[in-house]
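Below is one structure, written out as structure tokens; comments come after it.
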Amino acid sequence: LSLYSSPARETKYVENPQTQLEEGVSRLRHVMEPYTAWCQTELIDSNNIKADSSLGSDFFSESYEFLQNPPAGFYPRLGVIGFAGIVGLFLARGSKIKKLVYPAGLMGIGASMYYPQQAVAVAKVAGTQVYDWSLQGYIAVESLWKDN
């Protein structure tokens, strides 16, 4: 037993008043609740992902099936490629151009190590496109030069 008597504690929970932002968000959520409930019940099926045919439902269904049954070693490869992108972001301190080029370049190198045939096909198409764009630029500059 305690030798000293302690005074009775009377505590009350006092809730902080809501700010205008919190009240606005609360009103918006209450107004949008019927629409979000409709979207959840009508558009989302728990077994299948449905997409609009104009968005290419075949692409979404094939992607969903691919991610449900991926080939062996897919997720480790994906992790290495993603880690290469993070390393690229870490190395690209400074300009905004570096922040675009380094992660994309390192991820491209990582992906080309795992998927060399696809990398060759992409490189061929990209090379053709770059050549076409440079030729169009050369023609445009030449026409401006000759006009003046």
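Ser26 places no side-chain N or O within donor-acceptor distance of the main-chain N or O of Glu22, the cut-off being under 3.5 Å.
Here the CG atom belonging to Leu78 is positioned 9.0 Å from the CG atom belonging to Leu67, to the nearest 0.5 angstrom. Rounding to the nearest 0.5 angstrom, the gap separating the CD atom in Gln68 from the CD atom in Glu65 is 9.0 Å. From Ser112, atom OG reaches atom CE of Met107 across 12.0 Å, with rounding to the nearest 0.5 Å. Put simply, CD1 on Ile81 and CG on Leu106 are 12.0 Å apart, with the number rounded to the nearest 0.5 Å. Arg27 contributes atom CZ, which lies 15.0 Å from atom CE of Met32 (distance to the nearest 0.5 angstrom). Note: Tyr138 OH to Trp145 CH2 = 11.5 Å, rounded to the nearest 0.5 Å.
Residues Leu28 and Tyr35 share a single hydrophobic cluster, defined by chaining ILVMFWY side chains whose heavy atoms lie under 4.5 Å apart. Linking ILVMFWY residues whenever their side-chain heavy atoms come closer than 4.5 Å, directly or via other members, places Val101 and Val87 in the same cluster. Under the 4.5 Å side-chain heavy-atom criterion for ILVMFWY residues, a single connected hydrophobic cluster contains both Leu91 and Phe83.
Side-chain contact between Ile97 and Tyr102 is absent, with no heavy atoms from C-beta onward closer than 4.5 Å.
Considering every non-hydrogen atom in both Gly85 and Pro103, the closest pair reads O-CB, 3.6 Å. Contact detail for Ala92 and Lys98: the closest heavy-atom pair is CB-O, 3.3 Å. Of all heavy-atom pairs spanning Val80 and Tyr114, the tightest one is CG2-OH, 3.6 Å. Of all the heavy atoms in Leu89 and Lys99, the pair that sits closest is CD2-O, 4.2 Å.
Among residues at least two apart or in separate chains, salt bridge (charged side-chain N to carboxylate O under 4.0 Å, His left out) pairs with a member in residues 129-144 are Glu142-Lys146.
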### Task
Could you walk me through whether Thr128 and Trp133 pass side chain to side chain contact (heavy atoms under 4.5 Å, CB included), step by step?
CA-CA 9 Å; Thr128 305; Trp133 291 339; over 6 Å; no
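Judged as a ring-ring contact (aromatic ring centres under 6.0 Å, His included), and not counting sequence neighbours, the contacts of Phe74 are Phe66.
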